[in-house]
Every structure is written in C-alpha cells, then in structure tokens.
Amino acid sequence: MTASTSTTEPMHLGVIGVGVVGKAHIKRLLADTSPARLVAIADADAEAATTVGADLGAPVEASVADLLARPDVDGVIIAIPSGLHADVTIAALDAGKHVLLEKPIDVTVDAADRIIAAEQRSGKTLSVVSQRRFAPENEFLHGAISSGRLGNVTAANIEIALWRTQEYYDSGAWRGTWALDGGGALMNQGVHLVDLALWLLGDVEEVYAHSGLLAHERIEVEDTITITAKFTSGALLTFLATTTAFGNLPLRVAVMGDGGAAITLSEKLTHFHSHDGQDVPEFEPADQQLGQLTDFVTAASTGTRPLVTSTQARAAVAFIEAAYTSARTGQPVRPR
Ligand SMILES: NC(=O)c1ccc[n+]([C@@H]2O[C@H](COP(=O)([O-])OP(=O)(O)OC[C@H]3O[C@@H](n4cnc5c(N)ncnc54)[C@H](O)[C@@H]3O)[C@@H](O)[C@H]2O)c1
C-alpha cells in the first residue's frame, strides 16, 4: 500500500494522545468540516484509547508504534504531555509522517533542536499549535504592523491572566512539573501569547523576569510571572502571565507605535488608531483550531511552509527559558 496523499484524496491523519486536547482534535477530524480524514488514534494508555475510541467512534491502534507503522497514515497530531513531545515527534518524523504538534514544541531549547534536526532529515512538514494566530483580528494586527500602519512600533503590553483551580493542577501527575509541563503560567498558558508577541514584534534581544508561586500548592513551577523584554528592533515589552486571576481576565495585547496603536481583548479588536485612518474590516467569527488544522494540511499536501514553523516555536521556548533563567538568577538573559 502507498501513502494516500494525493490531490484528490484528503490527507489521512492519526491522533496520538487522547486526553483533554487529543479528544478535541479527534472530534475536529471526525466533523464534516474537517480538511483531513481520521484513520486511527493511539495513546500510551491503551485502555484510555479504547474508551475514547468507543465514545467518539474513532478506530483505535494498540500502540503508538502500530499507528506510526501504518502506511495509510500520512501524518499525526500529537497531544501528549509537553516534556514528552520530542521523542514521539522524532519517532513520527522518522517514520515518514507529517506532524502537527501541540504547544509548546517541547519544554527546552535542546529538545526543540532535536525535533528540528529530525524535521530537516525527514523532509516532512512540522507545525506547532498556536491557534490564536488564526484569529482574524490577530491576522489583521500582524498585517497592520507589517505594513507600517502603526508606524515604528515602540512598545507592547501583553497579559494572560487566567484562573486555574488547584484541582486542575492535581488532575494529572505531569501538570506543574518542570520535567513534563516545563513551567507554569508562562510555559503552559503563556506560550500562546509569547508566540503572538514574537510573531508581531520579531526577535528578542534580552529578557528580565520575576516569578512566584502565589495561589497554588503541590506544584514545582510558577503560577505568576512578570517579564520585561527588549526586541532587536528596539521595541520594549511588558508581559504578565498568571493562573491566579480568579474568574479569568480577557487576554490583552496592546501594541503602540509612533504612527498608531491597537488593543485586542481576547481577540476582539477594541482599539485601533492609525496615522492612515481608522479603517478596520468586519471580522467574521472563526474556528482558530480548524484554521490551523487546514493550514497544516495544506502545507503538508503542497510542500509549502505552515504559518507556525518549528523555528518560530523554538523561539517561543527560548524566550520562556530565558525568562525562567532570569527569574532564578536575577540577571537579564539573552534567549538562545
Ligand atoms: N492548544 C491549546 O490551547 C492547548 C490547551 C491545553 C493543552 N495543550 C497541550 O496539549 C498537550 C496535552 O495536554 P492535555 O491537557 O490533553 O493532557 P492530558 O493529560 O489530558 O492528556 C495527555 C494524554 O497523553 C497520553 N500520553 C502520555 N505519554 C504518552 C506517550 N509517550 N505516547 C502516547 N500517549 C501518551 C496520556 O495517557 C494522556 O491520555 C500538552 O502539550 C499541552 O500543552 C494545548
């Protein structure tokens, strides 16, 4: 049997990891709107895979190795604990599969580099989930900055202030550990907005941070972190990530320049002011995750670059690693 990718057949995907996020990927692939076909699912916990397969009506493979050995699987979506991403992703790429990998790419720059080396030798497509880039408002903001509508960007103020209960951290042994979660409010939740910050503002020269564990217990990592950073462009950033904001606040992205300024609150553009006029399009509601899945499938089928690349996902982890080093040492740190 040959791999099924062709211009007429939808791409055939498997899902590895059937936890909270894996289930959402499975449902998306089973929906009428899916741009790809679900072939099978697998999990290190075979019983969990069997249960989820029966609940959702998805075919189940006995193991991840069995799923990766199938020639009719073109690619896989990987949704397993973050600190295990590299080994499973490398196995998938080495088996000749395209990979859509959940965020973060892994929890260290070294692990990201191992993934990127495997991606390069495989010639397959790898993208890392960062669904907020697929919100039309964020696409608009990216375009507005790139085309100079904000003038010379001078500063940004970004905030992800969520609430996570103690039960959330207690719900999986991997949560809140350095080895498998890779960090707390910044690595797990904040990585989405770190990726947005770098996408909007470019490369980072230096990071300085303070962190604390202020409203949770029995975890190794921070639940609150404040960061200041300087971009190579000269622009300055203040960034807050916390899981201690009871009731959750809207995600806030404010970008300022000498020709304009914009604010989004949980992806809604609440302020836009530009030297060339205040025109903004009508934003249609969009399914961000479906947008990213479609982008990945298109890139893998046509050999084009996905919107979120492995190098960009590595840069987000390098920023986070630098912030953690800074918080620990009290020194400013240049991301690797
Ligand atoms: N994009 C988003 O908005 C978003 C949201 C939440 C979580 N995530 C990411 O999704 C990933 C999974 O998070 P979750 O909340 O679904 O976790 P979870 O604990 O609910 O599920 C993880 C699953 O992976 C399985 N697993 C563990 N090791 C495995 C291995 N080596 N091979 C195969 N299966 C293995 C577990 O048995 C479990 O079923 C994490 O990387 C997390 O950062 C992304």
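Bear in mind that the values here come from a model prediction, so they are computed numbers and not experimental data.
Criterion: ILVMFWY side-chain heavy atoms under 4.5 Å apart, direct or through other members. Under it, V333 and L198 are not part of a common hydrophobic cluster. Residues I320 and L180 share a single hydrophobic cluster, defined by chaining ILVMFWY side chains whose heavy atoms lie under 4.5 Å apart. Placement of L84 and I116 in two distinct hydrophobic clusters is found when ILVMFWY residues are connected by side-chain heavy-atom separations under 4.5 Å, directly or transitively. Linking Ile, Leu, Val, Met, Phe, Trp and Tyr whenever their side-chain heavy atoms come within less than 4.5 Å leaves M256 and V204 in two separate clusters. When the side chains of ILVMFWY residues are joined at heavy-atom separations under 4.5 Å, either directly or via intervening members, Y169 and I160 end up in a single hydrophobic cluster.
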Practice task
Check the pair R70 / V39 against side-chain contact (heavy atoms from CB on, under 4.5 Å), numbers first and verdict last.
Solution key: CA-CA 10 Å; R70 283 181 65 152; V39 179; 3.0 Å; yes
Exercise for the section: List the steps, then state whether side-chain contact (heavy atoms from CB on, under 4.5 Å) holds for L100 with V129. Expected result: CA-CA 7 Å; L100 178 59; V129 174; 4.0 Å; yes
Practice task
Could you check E119 against S310 for side chain to side chain donor-acceptor pair (under 3.5 Å), going step by step and ending with a plain yes or no?
Solution key: CA-CA 9 Å; E119 177 194 14; S310 53; 2.5 Å; yes
Practice task
I would like to know whether L265 and R252 meet side-chain contact (heavy atoms from CB on, under 4.5 Å); could you show each step before the answer?
Solution key: CA-CA 5 Å; L265 292 179; R252 185 170 189 278; 3.7 Å; yes
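Within the 3.5 Å criterion, the main-chain N or O of V308 finds a donor-acceptor partner in the side chain of S127. For the pair N138 (side chain) and R133 (backbone), a donor-acceptor distance under 3.5 Å is absent. Remark: the backbone N or O of D223 is paired with a side-chain donor or acceptor of T242 at under 3.5 angstrom. Under the 3.5 Å distance criterion, the side-chain polar atoms of E267 are left unmatched by any main-chain donor or acceptor of R132. Between the side chain of T238 and the main chain of T228, no donor-acceptor pair closer than 3.5 Å is present. Within the 3.5 Å criterion, the main-chain N or O of D258 finds no donor-acceptor partner in the side chain of N152. Side chain of Q312 to main chain of D195: no donor-acceptor pair is present (N/O by atom type, distance under 3.5 Å, no hydrogens or angles). Although no hydrogens or angles enter the test, the distance criterion places a donor-acceptor pair under 3.5 Å between the side chain of T177 and the main chain of W174.
At a threshold of 4.5 Å between non-hydrogen side-chain atoms, the residues V255 and V253 count as touching. Side-chain contact between F239 and L186 is present, with heavy atoms from C-beta onward closer than 4.5 Å. Residues E321 and T108 meet the side-chain proximity criterion, which asks for heavy atoms closer than 4.5 Å. Proximity of H85 to V128: side-chain heavy atoms (C-beta onward) are nowhere separated by under 4.5 Å. Put simply, the side chain of F296 does not reach to within 4.5 Å of the side chain of P35, judged on heavy atoms. No side-chain heavy atom of H216 sits under 4.5 Å from any side-chain heavy atom of Y168. With contacts defined as side-chain heavy-atom distances shorter than 4.5 Å, the pair L29/I77 qualifies. With contacts defined as side-chain heavy-atom distances shorter than 4.5 Å, the pair R149/F140 qualifies.
For the 3.5 Å distance criterion, the side chains of D276 and S274 qualify, holding a donor opposite an acceptor. For the residue pair S171/R175, the side-chain donor-acceptor check at 3.5 Å is satisfied.
When every heavy atom of V73 is checked against every heavy atom of L67, the shortest pair comes out as CG2-O, 3.9 Å. Contact record, G83 with V107: N-CG1, 3.9 Å, taken as the closest heavy-atom pair. Heavy-atom minimum distance, Q131 versus Q292: N-OE1, 3.4 Å. Looking at every heavy atom in both residues, F272 comes nearest to A262 through CD1-CB, 3.8 Å. Residues P335 and A318 share a closest heavy-atom pair of CB-O, 3.7 Å.
Around the NE2 atom of H210, the shell of radius 6.0 Å holds no more than 12 heavy atoms that belong to other residues, nucleotides or ligands. More than 12 heavy atoms of other residues, nucleotides or ligands shown are found within 6.0 angstrom of CD on Q278. Atom NE2 of H271 has more than 12 neighbouring heavy atoms from other residues, nucleotides or ligands inside a 6.0 Å radius.
Residues forming a side-chain hydrogen bond (donor to acceptor under 3.5 Å, both in side chains) with R114 (at least two apart in sequence, or on another chain): D87. Checked against ring-ring contact (aromatic ring centres under 6.0 Å, His included), Y324 has the following partners two or more places apart in sequence or in another chain: W178.
Between the CG atom of L150 and the CD1 atom of I145 there is a distance of 5.5 Å, given to the nearest 0.5 Å.
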